[in-house]
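Keep in mind it's a predicted model, so treat the numbers as computed, not measured. Just so it is clear: chains get the letters A, B, ... in the order the sequence lines come, proteins before strands, and each one is counted from 1.
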Amino acid sequence: MDEFANLKETELRLGLPGTDNVSEERERVSSCNKRASPSDTENEIESSTRKTETSPPRKAQIVGWPPVRSYRKNIIETKKNESDHEGQGIYVKVSMDGAPYLRKIDLSCYQRYSELLKALEMMFKFSVGEYFEREGYKGSDFVPTYEDKDGDWMLIGDVPWEMFVCTCKRLRIMKGSEAKGLGCVV
Amino acid sequence: MNYFPDEVIEHVFDFVTSQRDRNAISLVCKSWYKIERYSRQRVFIGNCYAINPERLLGRFPCLRSLTLKGKPHFADFNLVPHEWGGFVQPWIEALARSRLGLEELRLKRMVVTDVSLELLSRSFPNFKSLVLVSCEGFTTDGLASIAANCRHLRDLDLQENEIDDHRGQWLSCFPDTCTTLVTLNFACLEGETNLVALERLVARSPNLKSLKLNRAVPLDALARLMVCAPQIVDLGVGSYENDPDSESYLKLQAAIKKCTSLKRLSGFLEASPHCLSAFHPICHNLTSLNLSYAAEIHGSHLIKLIQHCKKLQRLWILDSIGDKGLAVVASTCKELQELRVFPTDLLGGGNTAVTEDGLVAISAGCPKLHSILYFCQQMTNAALITVAKNCPNFIRFRLCILEPNKPDHVTSQPLDEGFGAIVQACKNLRRLSLSGLLTDQVFQYIGMYATQLEMLSIAFAGDTDKGMLYVLNGCKKMRKLEIRDSPFGDTALLADVNKYQTMRSLWMSSCEVTLGGCKRLAQKAPWLNVEIINENDNNRMEENGHEGRQKVDKLYLYRTVVGTRTDAPPFVWIL
């Protein structure tokens, strides 16, 4: 098994660094409202055994679970579908240092920073570390930043979410030495 | 009491309104039984198949108010096929034949048809109050008959029903002479509403206290309605999409300020979040707030609204409020008695909207809390133990961890100890719903400590029959037990057949009970209806051979005094 894993590492492919299956990745990220991401516990088990593989498929829905009345379920499902079709979303470009090409992400799919960061982590297969108000992101070489309306590069997470969504023009995941200046404490 | 004439005794009985107390009174002696039955006006029937209308009327000929419940609770979650039963028609027919002076009918989870509603509207000249909760089978045509024929209608309260909306003119069917409305709730209707008819109706109903609109009533109509009815106590906002700069919005703001009696607010079936502030002036009077359908309103706006609601006793909200929002609730709403937090994401996609921290904060901040329904992604034993210590007054505790079998997310242990702490501390607990990873141990705790428990909901829990046995043996007051996807089988089912005489019903689906076991039970207990619900035609239960070991998918049994029902569909097999 290990030999094959090594061979894969040296293979010349068109995928992003860290991805095995490009098309499935795109499908998962673009259907952000459909919650394709598995739960936390599944993630822990999966990532410890198969690091280079993609996340496990969506869990099958259990009949009558969760115990929410059909009336209520219908209302929520209708609203989700409406918001899927309504509006054009807030698409911004995302670049990551070292990646051959950029991606685009719809900020209106998310309600808070943790969701956005999780989506970015999955998209680019990296880890962003923990956010601290004073010190920035600790525990990772990668720092998520964004360019705001004034053209300045800001650390993601400093301003309230709604303000961020309104002022963000593009995202950039900085890596390594360049990141240190902006508040990455290793 | 024998020295008093009957009229005096009857007068004393008038002060006894609780059904349980009246049942107790009727057991004292024959004389009291007789007096009580002729003076009984309200009857509650928790299972419409436990008795039939003839016997009901035989005993209580002066009935004025009847409450009926049909399908079992798990029907709410699509576990019971639509055609299972719970038809109100035979009841209305019997009541109509008897020329009863019926004034009030309350139905829950029953099948109601337009024919039934028409018959109802024509048969009882004094009919005043119709409350339908989670019912189905009727259309707005049925509502039109009620509107047209019930001259003294006071309440028309439709809660979460499936109604076929023919976009007819049912609202215009209220005659101009109808001025007695106190409650009008049509929030669950999906179609267009005749706004002119609605406004006229509200304008001529000076006693209107409760008005709940559907999503087809836009903001400018709401403003006009509130101007017509400043005495409103209970308001369900329909659509709340608005432009803060518009004239309608200004009118609405002015109208809201005049509604000084407004105590309960709900609805927001379609909402743009930015203008909740229009309601801030009346928030300090609110005792009940239901924003659980307003998925578009962000947590921050909810929090801003709630900060003004210091008198809140009941709060129904979505988990988008977050732990932070719940902390605000805990510090603001010191009168809070009931909290329900519903999930916005039904598939549990790893997004931690509310966690155990929110629950702990509420338990610490709200000393009067006695009822909770909490959907969340994760829980810990430590949190539940803290909640139990903070809030020993729970009457209803329903926790739903969205992922089945999920353990304590910190220790990876089952949640037995957490729930055990709850049942041990909360000596008045009447209703409990369990979730997460649970072994037989939690049921041992429940059997030991939950002495007042009447309703228990179990899903994906337990290891062996011992679990169910602990509950059946220990909980003397158990009335409704519903179990799904748990490894309980025939041994537990058959251990104490007489127990089911003290219970209203037992539901078991996707458990380990077999057809043979169910048959043995039915034999031992002829006063039980043992129903096997089997929708899959290919799996038709065989009459002979290995049926003994064939697992039953859905079992529903209930005590009854009228034997097997005759209206069961073909996929329901009554043993």
**Q** Name the region of B/R484, side chain, backbone, both or neither, that has any atom closer than 4.5 Å to a heavy atom of chain A.
**A**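 The answer is the side chain of B/R484.
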**Q** Under 4.5 Å from any heavy atom of chain B, what part of A/W65 do you find: side chain, backbone, both or neither?
**A** both
**Q** Pick one of side chain, backbone, both or neither for B/F342, based on which atoms fall under 4.5 Å of a heavy atom in chain A.
**A**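 Looking at B/F342, just its side chain touches chain A.
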**Q** Is B/S509 close to chain A through its backbone or its side chain, or both, or neither, when contacts mean heavy atoms under 4.5 Å?
**A** neither
**Q** So what's closer than 4.5 Å to chain A heavy atoms on B/L373: side chain, backbone, both or neither?
**A** neither
**Q** Would you call the rings of B/F77 and B/F74 parallel, tilted or perpendicular, taking 30° and 60° as the class edges?
**A** tilted
**Q** Relative to B/Y293, does A/R72 satisfy both conditions: NZ or CZ under 6.0 angstrom from the six-membered ring centre, and within 45 degrees of the ring's axis?
**A**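 Yes - A/R72 lies over the ring of B/Y293, closer than 6.0 Å to its centre and within 45° of its axis.
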**Q** Contact part of B/S292 toward chain A, heavy-atom cut-off under 4.5 Å: side chain, backbone, both or neither?
**A** both
**Q** Determine the interplanar angle of the B/Y240 and B/F268 rings, folded into 0 to 90°, and report it as parallel if under 30°, tilted if 30 to 60°, perpendicular if over 60°.
**A**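 Taking B/F268 first and then B/Y240, their aromatic rings stand perpendicular (interplane angle over 60°).
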**Q** Looking at A/P67, A/G64, A/P160, which has the largest count of heavy-atom pairs under 4.5 Å with chain B?
**A** A/P67
**Q** What's the separation between atom CZ in A/R172 and atom CD in A/E147, rounded to the nearest 0.5 Å?
**A** 10.5 Å
**Q** Got A/S140 and A/V128 here, is their nearest side-chain heavy-atom distance under 4.5 Å?
**A**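 The answer is no; the side chains never approach within 4.5 Å.
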**Q** Just checking, A/K138 and A/F132: is the charged tip under 6.0 Å from the six-membered ring centre and within 45° of the axis?
**A**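 Yes; both conditions hold, so A/K138 lies above the ring face of A/F132.
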